[in-house]
Amino acid sequence: MAENSGIFTEALYLIISFNNDLMEIIGLSLYVSISALIIAAVIGLPLGAILATRKFSGSKIITILINAFMGMPPVVAGLIVYLMLSRAGPLGLLGLLYTPSAMIIAQSLLIFPIIAALSRQIIEDMNNEYDELFRSLLVGQSNRIKTLLWESRFSLTTVLLAGFGRAIAEVGAVMIVGGNIEHATRTMTTSIQMEISKGNLELAMALGIILLTISLGINIIMQQVKGRFNANIEGVRNE
């Protein structure tokens, strides 16, 4: 018990002293996860909106595939990206394997289906609610999508936060394509796994505390956003 207390104390000291190695790992993890989130959002949100508002040949198949890939195991995503970026792969000439760029690609591949599928469902519900109004005002497809994205902004924010939470906690895919190289591709999750195997429990504990803090922060923000969304809905109904 006393030994565990000492590990926890040392972990807190690493955090409050802004240990260089710790800060470097946290910085890289945030850079990779935020970059992946931006890429996944830029592709996933418009795709979700199009699938929610337009029925075209192949739209059902795309929807089924996106929903299926929501549960894709991280190691499978890592394997796909590894095969694409390896020397024998179609993108091997880019030399991205074992770099942060490869980890960003792998995380984007993992969270893109989540953002696209959840945003499609949210926007489809909103579109059904506003459909009669859009028709009466002769609103075009482009303006319809812009309006739905804006009106769904609070719900979509929670979708983005969920995607970020999945990205920052991911370990399997980034380990495969990043290699967990010190001062290059070492993230919080891969570092925790390695430091535990080395017996360096203080650093592993410090990283675990940071991850839990980030997770707690995301949940608090999601609750705040959800509360704001419900308040807006209530306000519209009372008008």
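Residue numbers count from 1 along this sequence.
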Is there a side-chain contact between [X] and [Y] in this structure, where contact means two heavy atoms from C-beta onward sitting under 4.5 Å apart?
X: I214; Y: M188; result: yes
X: Y13; Y: F8; result: no
X: K146; Y: N143; result: yes
X: F164; Y: I218; result: yes
X: Q107; Y: S33; result: yes
X: F56; Y: L51; result: yes
X: V171; Y: P74; result: no

Give me the atom names and distance for the closest heavy-atom approach of [X] to [Y].
X: L28; Y: P100; result: CD1-CG, 4.0 Å
X: G165; Y: I168; result: O-CG2, 3.4 Å
X: M70; Y: P113; result: CG-O, 3.6 Å
X: I15; Y: A206; result: CD1-O, 3.8 Å
X: F134; Y: L148; result: CE1-CD2, 3.8 Å

Hydrophobic cluster membership, with links at side-chain heavy-atom distances under 4.5 Å among I/L/V/M/F/W/Y: are [X] and [Y] in one?
X: L91; Y: L93; answer: no
X: L97; Y: I105; answer: yes
X: I66; Y: L109; answer: yes
X: I16; Y: F18; answer: no
X: L96; Y: M84; answer: yes

**OP:** Could you go through the side-chain hydrogen bond (donor to acceptor under 3.5 Å, both in side chains) check for T189 and E170 one step at a time?
**Re:** CA-CA 7 Å; T189 51; E170 206 289 315; 5.9 Å; no
Original post:
Going by side-chain heavy atoms closer than 4.5 Å, which hydrophobic residues are tied to L216, directly or by a chain of links?
Top reply: I220
How long is the straight-line distance from [atom2] of [Y] back to [atom1] of [X], given to the nearest 0.5 Å?
X: L156; Y: L161; atom1: CG; atom2: CG; answer: 11.0 Å
X: Y98; Y: T185; atom1: OH; atom2: OG1; answer: 9.5 Å
X: I176; Y: L85; atom1: CD1; atom2: CG; answer: 12.0 Å
X: L30; Y: I210; atom1: CG; atom2: CD1; answer: 9.5 Å
X: L160; Y: S155; atom1: CG; atom2: OG; answer: 11.0 Å
X: D21; Y: I26; atom1: CG; atom2: CD1; answer: 11.0 Å

**OP:** Determine, step by step, whether E151 and Y130 satisfy the side-chain contact (heavy atoms from CB on, under 4.5 Å) criterion, reporting the C-alpha distance in whole Å, the side-chain angles of both residues, the deciding distance to 0.1 Å, and the verdict.
**Re:** CA-CA 10 Å; E151 292 298 324; Y130 286 15; 3.8 Å; yes
Subject >> Backbone of T63 reached by a side-chain donor or acceptor of N67 within 3.5 Å >> reply: yes
Original post:
Judged by atom type as modelled, is there a donor-acceptor pair below 3.5 Å linking the side chain of R153 to the main-chain atoms of W150?
Top reply: yes
Output side-chain donor-acceptor pairs under 3.5 Å for residues 190-197, partner residues at least two apart or in another chain, one line each.
residue, atom, partner, partner atom, Å
T190, OG1, N180, OD1, 3.0
T190, OG1, T187, N, 3.0
T190, OG1, T187, O, 3.2
T190, OG1, T187, OG1, 3.1
S191, OG, T187, O, 2.7
E195, OE1, N200, ND2, 3.0
S197, OG, M194, O, 2.5

Could you check whether atom [atom1] of [X] has more than 12 heavy atoms from other residues, nucleotides or ligands sitting under 6.0 Å from it?
X: N128; atom1: CG; answer: yes
X: I61; atom1: CD1; answer: no
X: F69; atom1: CZ; answer: no

Original post:
Residues in side chain to side chain donor-acceptor pair (under 3.5 Å) with E24, at least two apart?
Top reply: H183
Original post:
Please walk me through it: do M72 and I80 pass side-chain contact (heavy atoms from CB on, under 4.5 Å)?
Top reply: CA-CA 11 Å; M72 180 168 55; I80 293 171; 4.3 Å; yes
Solution key, residues 115-123 side-chain donor-acceptor pairs under 3.5 Å, sequence neighbours excluded:
residue, atom, partner, partner atom, Å
S119, OG, I115, O, 2.6
S119, OG, A116, O, 3.1
R120, NH1, E124, OE2, 3.1
Q121, NE2, D125, OD1, 3.2

**OP:** For a side-chain contact (heavy atoms from CB on, under 4.5 Å) with M205, tell me which candidate from L201, I209, L207 qualifies.
**Re:** I209
Subject >> salt bridge (Lys or Arg N to Asp or Glu O under 4.0 Å) against R144, all qualifying residues, sequence neighbours excluded >> reply: D131
Please tabulate, one pair per line, all N/O donor-acceptor pairs under 3.5 Å involving side-chain atoms of residues 34-50, not counting sequence neighbours.
residue, atom, partner, partner atom, Å
S35, OG, Y31, O, 2.7

**OP:** List the steps, then state whether side-chain contact (heavy atoms from CB on, under 4.5 Å) holds for V81 with M103.
**Re:** CA-CA 9 Å; V81 176; M103 297 191 293; over 6 Å; no
